[in-house]
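What follows is a set of notes on a single structure, which appears directly below.
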Amino acid sequence: MCFARRARCIGCKLLFLALLSIVANILLYFPNGETRFASEHHLGKYVECLHGIVGGGILVLIPAAVFIGLHNDDCCGCFGRGSCGKRCSMLSSVLAAFIGMLGSGYCIIISALGLSHGPYCLTHAGRNWVYPFNSGGYLFEYNKWSVCQEPYNIVQWNITLFSILLVVGGIEFILCVIQIINGCLGGFCGLCCSHQEVSRLLL
């Protein structure tokens with residue numbers, strides 16, 4: 001299989017994941033579809049970090065566009081002499097993959113912190129906007145979720161979306177690592193190593 005074709009496949013997956021990350025982050029700004037909490041600045045600090053829009057979104061869209069733009073025509077064999085420009089393109093895709101790793105890594109870290117810290121909400125006690133949970137242990141203490149009065153079901157909302165962003169960021173990170181390996185192999189070994197070409201080199 002061509003290294004460039006594999007890169008384009010990775011790019012298409014990253015494109016989908018980046019768009020999913022952007023949508024999930026936008027939804028965090030509007031609990032239950034309501035806009036008043038954002039306008040009143042009653043959102044958690046990790047919601048406003050733009051980790052899904054910038055980190056798992058824009059910074060992953062860049063390598064996705066680079067990978068998809070790689071051409072897989074006229075491939076050369078392992079240690080072949082042609083298609084040097086394409087080899088350079090494969091090596092340059094490694095740099096783009098590093099950018100994707102930074103973005104997805106940022107998305108992973110902020111999502112994990114958001115899950116651990118818990119939501120910012122209006123509580124029954126004192127009618128104040130606070131962070132009622134001290135650690136990630138609340139994730140499995142369902143009986144304590146009702147302490148948040150507003151926004152309605154904010155605990156479930158945050159857990160769902162932060163978890164999606166955490167998983168999406170993790171998959172993006174893995175795909176970028178795969179492309180770093182793929183880009184290095186494509187650059188140093190040639191864009192396309194078919195069985196016939198390898199056999200010809202061995203004979």
Side-chain angles (χ1 to χ4, degrees), residues 10-68 96-176:
I10 292 173
C12 291
K13 293 176 182 177
L14 286 176
L15 177 62
F16 170 76
L17 291 170
L19 295 176
L20 177 60
S21 177
I22 291 172
V23 171
N25 198 163
I26 291 174
L27 289 175
L28 276 174
Y29 275 83
F30 307 108
N32 304 309
E34 299 183 56
T35 60
R36 63 188 179 94
F37 300 108
S39 61
E40 295 170 358
H41 304 289
H42 287 152
L43 297 173
K45 59 183 178 181
Y46 294 112
V47 173
E48 298 179 337
C49 287
L50 300 176
H51 58 294
I53 295 174
V54 176
I58 295 173
L59 290 180
V60 173
L61 283 175
I62 295 172
V66 172
F67 303 160
I68 292 173
F98 274 116
I99 296 174
M101 285 179 63
L102 289 175
S104 58
Y106 175 63
C107 185
I108 292 170
I109 292 170
I110 299 300
S111 297
L113 289 173
L115 281 172
S116 176
H117 207 66
Y120 183 64
C121 63
L122 181 67
T123 61
H124 293 287
R127 297 288 297 175
N128 292 322
W129 286 87
V130 295
Y131 292 97
F133 307 110
N134 297 321
S135 67
Y138 78 94
L139 293 170
F140 307 102
E141 297 173 345
Y142 313 114
N143 59 317
K144 293 184 178 181
W145 291 2
S146 59
V147 71
C148 285
Q149 202 167 14
E150 288 188 12
Y152 181 70
N153 283 336
I154 186 60
V155 179
Q156 295 92 318
W157 186 268
N158 271 23
I159 289 176
T160 300
L161 293 173
F162 273 120
S163 296
I164 289 173
L165 286 167
L166 182 64
V167 172
V168 167
I171 297 174
E172 289 174 340
F173 190 90
I174 292 172
L175 288 174
C176 287

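This chain uses plain numbering: 1 for the first residue, then up along the sequence. All of these numbers come straight from a predicted model, not from anything done at the bench. Basis for what follows: all heavy atoms, side chains included, without hydrogens, waters or symmetry-related copies.
Rounded to the nearest 0.5 Å, atoms CD1 (Ile154) and SG (Cys121) are 7.5 Å apart. Leu17 CG to Leu61 CG: the interatomic distance, rounded to the nearest 0.5 Å, is 10.5 Å. Here Asn25 contributes atom CG and Leu50 contributes atom CG; the two are 6.0 Å apart, rounded to the nearest 0.5 Å. We find the CZ-CG distance between Phe133 and Leu139 to be 9.0 Å, quoted to the nearest 0.5 Å. Interatomic distance, CD1 of Ile174 versus CE of Met101, reported as 10.5 Å (0.5 Å rounding).
Each of Ile58, Leu165, Ile164 was compared with Ser21 under the side chain to side chain contact (heavy atoms under 4.5 Å, CB included) criterion, and only Leu165 meets it. A side chain to side chain contact (heavy atoms under 4.5 Å, CB included) with His51 is found for exactly one of Ile108, Leu28, Leu166, namely Leu28.
Taking the six-membered ring for Trp and the full ring otherwise, His117 and Phe162 have centroids separated by 6.0 Å or more.
At least one donor-acceptor pair closer than 3.5 Å links the side chain of Asn32 to the backbone N or O of Tyr152. Using modelled atom types, no side-chain atom of Ser116 and backbone atom of Ala112 make a donor-acceptor pair closer than 3.5 Å. Although no hydrogens or angles enter the test, the distance criterion places a donor-acceptor pair under 3.5 Å between the side chain of Trp145 and the main chain of Tyr138.
Of all heavy-atom pairs between Ser104 and Val60, the closest is N-CG2, 4.3 Å. Heavy atoms only, all atoms of each residue included: Ile22 and Gly57 are closest at CG1-CA, 3.7 Å.
Side chains of Glu150 and Arg36 form a contact here, defined as non-hydrogen atoms less than 4.5 Å apart.
In this pair, Tyr120 and Tyr131 present their aromatic rings tilted. The plane angle is within the 30 to 60° band.
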